[in-house]
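The block underneath contains the structure these notes are about, expressed in structure tokens.
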Amino acid sequence: MKLSHDLGASGVKVKPNGLPKDVPVEKTLAQIGKALAELGDYAVGFGQEIRLEVHGKDTSELPHIKTIMDAADRDNVRVCWNSNDTDLIGAGLAANFALVKDRLGHTVHIRGVNQSTYPLDQLAKLLVEADYQGHVCLEAHKLPAGDRVAALAEQRELFMNLVTEARKSVKD
């Protein structure tokens with residue numbers, strides 16, 4: 001926390017990475033939430049946001065993330081949406097997003113806009129509807145070879161086109 005603060009950063013990301021098979025799920029989720037609450041309390045003194053990334057086998061399911069966040073219950077402990085395929089299971093993207101939209105942190109992750117089957121157009125609309133004010137970060141590990149700056153600029157343009165269309169549909 002101190003290093004993040006000293007560097008001028010606004011927060012740190014933490015990742016749950018799965019559920020142990022020999023521990024009840026609810027106990028593990030509560031334990032993660034309690035640990036996040038302690039971390040959040042410490043981070044307040046440094047002006048830091050704790051960003052729980054939607055991550056890990058089973059822990060990436062949004063109902064589990066909601067349970068963790070309910071246990072954490074600190075204003076500075078937030079969710080880093082990660083654009084996982086698990087966002088689409090169960091009740092679907094909109095319902096899963098609704099579970100945590102009021103707890104989104106200042107970072108959201110997407111992957112290549114034109115390289116994924118993830119419904120980024122729907123995510124853009126949900127973010128617009130939620131009046132999301134944070135940063136959308138591109139995990140750019142699959143950019144084409146060549147001019148990386150041009151490839152990043154293309155990704156930004158593609159995503160901003162989705163946001164523009166989402167804003168139009170929300171205003172209508």
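For the pair Ser10/Arg51, a side-chain contact is recorded, criterion being any heavy-atom separation below 4.5 Å from C-beta on.
Nearest heavy atoms, Leu93 versus Leu123: CD2-N, 4.0 Å. His106 approaches Tyr132 most closely through the heavy-atom pair C-OH, 3.2 Å. Among all heavy-atom pairs drawn from Gly11 and Ser4, the shortest one is O-OG, 3.4 Å. Between Val170 and Lys125, the shortest heavy-atom contact is CG2-CG, 4.2 Å. Here the closest heavy-atom approach between residue Met1 and residue Ala43 is recorded as SD-CB, 3.5 Å. The nearest pair of heavy atoms linking Ala72 to Ala37 is O-CB, 3.3 Å.
Other residues, nucleotides and ligands contribute more than 12 heavy atoms inside 6.0 Å of the CG atom of Asn114. Applying the 6.0 Å contact sphere to NZ of Lys101 captures no more than 12 heavy atoms from other residues, nucleotides or ligands. Remark: Arg148 CZ is packed, more than 12 non-hydrogen atoms of other residues, nucleotides or ligands lying under 6.0 Å away.
Scored by the ring pair (Phe, Tyr, Trp, His ring centres under 6.0 Å) test, Phe159 finds no partners at all (sequence neighbours excluded). For Glu139, the side chain to side chain donor-acceptor pair (under 3.5 Å) criterion is met by His109, not counting sequence neighbours.
Checked by atom type and distance alone, the side chain of Glu61 never pairs as donor or acceptor with a backbone atom of Thr86 at under 3.5 Å. Between the Asp87 side chain and the Asn96 main chain, no donor and acceptor come within less than 3.5 Å of each other.
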Show the numbers, then the answer: is there a side-chain contact (heavy atoms from CB on, under 4.5 Å) between Leu127 and Phe97? CA-CA 9 Å; Leu127 291 169; Phe97 185 85; 3.9 Å; yes
Under the side-chain contact (heavy atoms from CB on, under 4.5 Å) rule, what do Thr59 and Asn17 come out as? Steps first, then yes or no, please. CA-CA 7 Å; Thr59 50; Asn17 206 32; 5.7 Å; no
Given Lys13 and Thr107, is the side-chain contact (heavy atoms from CB on, under 4.5 Å) satisfied, shown in steps? CA-CA 9 Å; Lys13 181 171 62 171; Thr107 57; 5.7 Å; no
The test is side-chain contact (heavy atoms from CB on, under 4.5 Å); show your working for Trp81 and Leu62 and say whether it passes. CA-CA 10 Å; Trp81 190 267; Leu62 272 301; 3.7 Å; yes
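Under the 4.5 Å side-chain contact rule for hydrophobic residues, Leu120 and Leu152 share a cluster. Both Leu104 and Leu138 are assigned to one and the same hydrophobic cluster, defined by single-linkage of ILVMFWY side chains at heavy-atom distances under 4.5 Å. When hydrophobic clusters are built by joining Ile, Leu, Val, Met, Phe, Trp and Tyr residues whose side-chain heavy atoms come closer than 4.5 Å, directly or via intermediates, Val100 is grouped together with Leu88. When the side chains of ILVMFWY residues are joined at heavy-atom separations under 4.5 Å, either directly or via intervening members, Val14 and Val44 end up in two distinct hydrophobic clusters. Ile68 and Ile89 are members of different hydrophobic clusters when ILVMFWY side chains are connected at heavy-atom separations under 4.5 Å.
Considering CD1 of Ile50 and CG of Leu36, their distance stands at 7.5 Å, rounded to 0.5 Å. With values rounded to the nearest 0.5 angstrom, Asn82 atom CG is found 6.5 Å from His55 atom NE2. Atom CG of Asp131 sits about 11.0 Å away from atom CD of Glu129, to the nearest 0.5 Å. With rounding to the nearest 0.5 Å, the separation of SG in Cys80 from CD1 in Ile65 is 10.0 Å. Rounded to the nearest 0.5 angstrom, Leu52 CG and Lys15 NZ are separated by 11.5 Å. Interatomic distance, His64 NE2 to Met69 CE, rounded to the nearest 0.5 Å: 15.5 Å.
Screening Asp75, Asp70, Asp73 against Arg103 for a side chain to side chain donor-acceptor pair (under 3.5 Å) leaves a single residue, Asp70.
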Please list, one pair per line, the donor and acceptor atoms closer than 3.5 Å that link side chains of residues 23-31 to other protein atoms, with sequence neighbours excluded.
from  : atom 1 : to    : atom 2 : distance (Å)
Thr28 : OG1    : Pro24 : O      : 3.4

